[in-house]
Chemist: 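My questions all concern the structure below.
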Amino acid sequence: MKRVFANIGFSVAVALVVLNFMNVKAALAALVASGVAFIVSVAVPKIRSGKAISLCLLGVCFACALFASFYYGTYLPQTKLFGKTASVRAYIVDLPQKTSSGKYLYTVKTQSISGSDVPQNIKFEMYSESPVYAEAYDVLDMRVSFDSVADNAYDSMGRFDDNIFVRGYLSDCAKTGEVVKSANKPVVELRAKLKKRFNSVIKNDEGGLAFAVLTGDKSLLGNEAYTAFRLCGATHLMAVSGLHMSILFGVLYSLLKKLLVPKVPRVSVCAVGILFYIMLSGFSKSMIRCGIMMLVFLLGKLVKKKNDSLNSLGFAAFIVCLNPYAVADAGAQLT
């Protein structure tokens, strides 16, 4: 059957779009109903011969089970932190951002949180009145007050998509002297060096705009310039997207082909470049979606198979939907 991934991927995505408007009890009821419908579709010969109906119902079953498992296994345990203040040992995993209110925003991964029956290894947003003088992946002892990010994925503005369900407010912080080893650390350091270089060579808002177009980080732009872009409805120009990647690696692939580079090295160079650019952009969801599609395209080139863009998009949708809250992101829905 053609377009298997298109049937499964899109049915999972559409089901999750609906499920994110519902509560977990409705998701469990939908799981039972879709499971029964799937069994009937397999048992009845006339329906089974079509295959597409059975595949779509299987996708809906998978979506319901995934949504319920994430709710009970990931989201619900973190609700125990809401309204609590705790001692936290954690490390910063990305470059800091400055909010419109003047606070500093950090993405933090915890090693331990004080208190009984609370989750330990989680990622959350941390707000601070003053900058935290620490490098990425330096381990810190902190005192943090926790709160909810949002009540549902649609109100979270993409945070649930990043597995961030909790936000914290820093009241005290101290370095421990420990450093976490991570493959992403050199990438964050590279982004920090690029940020510093753009700020020193291309000064003011011009450098900030150039850095934003390259990495999606708008922190170098002044408030006046950012407000001007926002009022014009042009802030999307500063968000790295699949368009950036398509142009960059489309040109690279064509150039390597013109230079008569063999197919395996050509595909390998482009694949490594795609993965690196996804990391450089801070794992932007639009870049991840485009990266998956381009890797599928390159795999097709490698095995000499004709690509089906709809099937590739369905496969990308399925991979992205392994986080059931991803479809609530506006960028994913536009894709």
Side-chain angles (χ1 to χ4, degrees), residues 16 19-20 22-28 64-97 99 101 103-185 188 282-283 285 322-326 328-329:
L16 287 173
L19 288 171
N20 274 287
M22 303 162 65
N23 57 39
V24 69
K25 291 182 179 179
L28 291 173
C64 294
L66 190 66
F67 184 84
S69 65
F70 260 68
Y71 178 85
Y72 286 113
T74 306
Y75 173 76
L76 193 61
Q78 295 190 34
T79 61
K80 296 174 182 177
L81 290 170
F82 296 171
K84 292 186 177 180
T85 299
S87 297
V88 178
R89 175 161 286 195
Y91 52 93
I92 298 166
V93 296
D94 206 347
L95 298 180
Q97 301 286 330
T99 67
S101 62
K103 292 182 179 180
Y104 293 86
L105 173 61
Y106 298 87
T107 303
V108 176
K109 185 81 177 289
T110 68
Q111 290 184 327
S112 63
I113 304 175
S114 64
S116 59
D117 198 28
V118 295
Q120 298 299 313
N121 299 311
I122 66 169
K123 186 166 69 170
F124 71 95
E125 281 187 345
M126 185 178 73
Y127 293 86
S128 175
E129 295 291 343
S130 57
V132 175
Y133 296 103
E135 302 293 333
Y137 294 94
D138 287 349
V139 179
L140 307 168
D141 283 330
M142 303 180 289
R143 189 73 177 168
V144 180
S145 299
F146 291 104
D147 195 3
S148 170
V149 164
D151 293 329
N152 57 71
Y154 288 105
D155 292 339
S156 74
M157 304 296 289
R159 293 175 179 85
F160 278 23
D161 187 9
D162 289 328
N163 288 321
I164 295 176
F165 308 104
V166 179
R167 63 185 173 192
Y169 300 91
L170 181 67
S171 57
D172 192 25
C173 177
K175 283 186 178 183
T176 65
E178 299 176 25
V179 179
V180 173
K181 294 181 180 179
S182 171
N184 192 46
K185 190 177 189 304
V188 176
F283 296 96
K285 294 301 175 292
L322 291 178
N323 180 336
Y325 303 115
D329 180 56

Chemist: Above 12 or not: heavy atoms from other molecules or residues under 6.0 Å from CD of Gln97?
Modeler: yes
Chemist: I need the Leu28 CG to Tyr72 OH distance, nearest 0.5 Å.
Modeler: 5.0 Å
Chemist: When you look at Lys185 and Val179, which way does the side-chain contact (heavy atoms from CB on, under 4.5 Å) test go after all the steps?
Modeler: CA-CA 10 Å; Lys185 190 177 189 304; Val179 179; 3.7 Å; yes
Chemist: Measure the spacing between OH of Tyr133 and CG of Leu140 and express it to the nearest 0.5 Å.
Modeler: 14.0 Å
Chemist: So do the side chains of Phe165 and Thr74 get within less than 4.5 Å of each other, counting heavy atoms only?
Modeler: yes
Chemist: Any donor-acceptor pair under 3.5 Å linking the side chain of Asn23 with the backbone of Lys25?
Modeler: yes
Chemist: Step by step, would you call Phe160 with Asn20 a side-chain contact (heavy atoms from CB on, under 4.5 Å)?
Modeler: CA-CA 11 Å; Phe160 278 23; Asn20 274 287; 5.9 Å; no
Chemist: To the nearest 0.5 Å, what is the distance between CG on Asp141 and NZ on Lys175?
Modeler: 13.0 Å
Chemist: Where do Phe82 and Val166 come nearest, in terms of heavy atoms and distance?
Modeler: CE2-CG2, 3.8 Å
Chemist: Shortest non-hydrogen contact from Gly168 to Phe124?
Modeler: N-CD1, 3.8 Å
Chemist: A side-chain contact here means heavy atoms from C-beta on lying under 4.5 Å apart; do Phe70 and Leu322 qualify?
Modeler: no
Chemist: Does the pair Tyr325 and Tyr75 meet the rule for a ring pair (Phe, Tyr, Trp, His ring centres under 6.0 Å), with working shown?
Modeler: CA-CA 11 Å; Tyr325 303 115; Tyr75 173 76; 7.0 Å; no
Chemist: Could you go step by step and tell me if Ile122 and Ile113 meet the side-chain contact (heavy atoms from CB on, under 4.5 Å) rule?
Modeler: CA-CA 9 Å; Ile122 66 169; Ile113 304 175; 4.0 Å; yes
Chemist: Looking only at heavy atoms, which two atoms of Ala27 and Cys64 are closest? And how far apart?
Modeler: O-CB, 3.7 Å
Chemist: Any idea which heavy atoms bring Tyr104 and Ser130 closest together, and the distance?
Modeler: CD1-C, 3.6 Å
Chemist: Just by modelled atom types, is the Arg143 backbone N or O under 3.5 Å from a matching donor or acceptor in the Ser171 side chain?
Modeler: yes
Chemist: Of all heavy-atom pairs between Ser114 and Ala86, which one has the smallest distance, and what is that distance?
Modeler: OG-CB, 3.5 Å
Chemist: If every non-hydrogen atom of Asn121 is compared with every non-hydrogen atom of Gln111, which pair is closest and at what distance?
Modeler: OD1-O, 3.3 Å
Chemist: Rounded to the nearest 0.5 Å, what's the gap from CZ on Arg167 to OG on Ser145? Could you check?
Modeler: 12.5 Å
Chemist: Has Asp138 got a side-chain atom pairing as donor or acceptor with Glu135's backbone, closer than 3.5 angstrom?
Modeler: yes
Chemist: Can you tell me how far the CG atom of Leu76 sits from the CD atom of Gln78, to the nearest 0.5 Å?
Modeler: 10.0 Å
Chemist: List the steps, then state whether side-chain contact (heavy atoms from CB on, under 4.5 Å) holds for Tyr106 with Leu170.
Modeler: CA-CA 10 Å; Tyr106 298 87; Leu170 181 67; over 6 Å; no
Chemist: Just wondering, are more than 12 heavy atoms of other shown residues or ligands nearer than 6.0 Å to CE in Met157?
Modeler: no
Chemist: Does the side chain of Leu81 come within less than 4.5 Å of Pro119's, by heavy atoms?
Modeler: yes
Chemist: To the nearest 0.5 Å, tell me how far Phe146 CZ sits from Lys80 NZ.
Modeler: 14.5 Å
Chemist: Could you tell me if the side chain of Val93 sits less than 4.5 Å from the side chain of Tyr137, heavy atoms only?
Modeler: yes
Chemist: Please check: side-chain N/O of Thr110 versus main-chain N/O of Ser112, any donor-acceptor pairing under 3.5 Å?
Modeler: no
Chemist: Between Glu125 and Tyr127, does any side-chain donor sit less than 3.5 Å from a side-chain acceptor?
Modeler: yes
Chemist: With a 4.5 Å cut-off on side-chain heavy atoms, are Met126 and Met142 touching?
Modeler: yes
Chemist: Are there over 12 heavy-atom neighbours, none belonging to Asp151, within less than 6.0 Å of that residue's CG?
Modeler: no
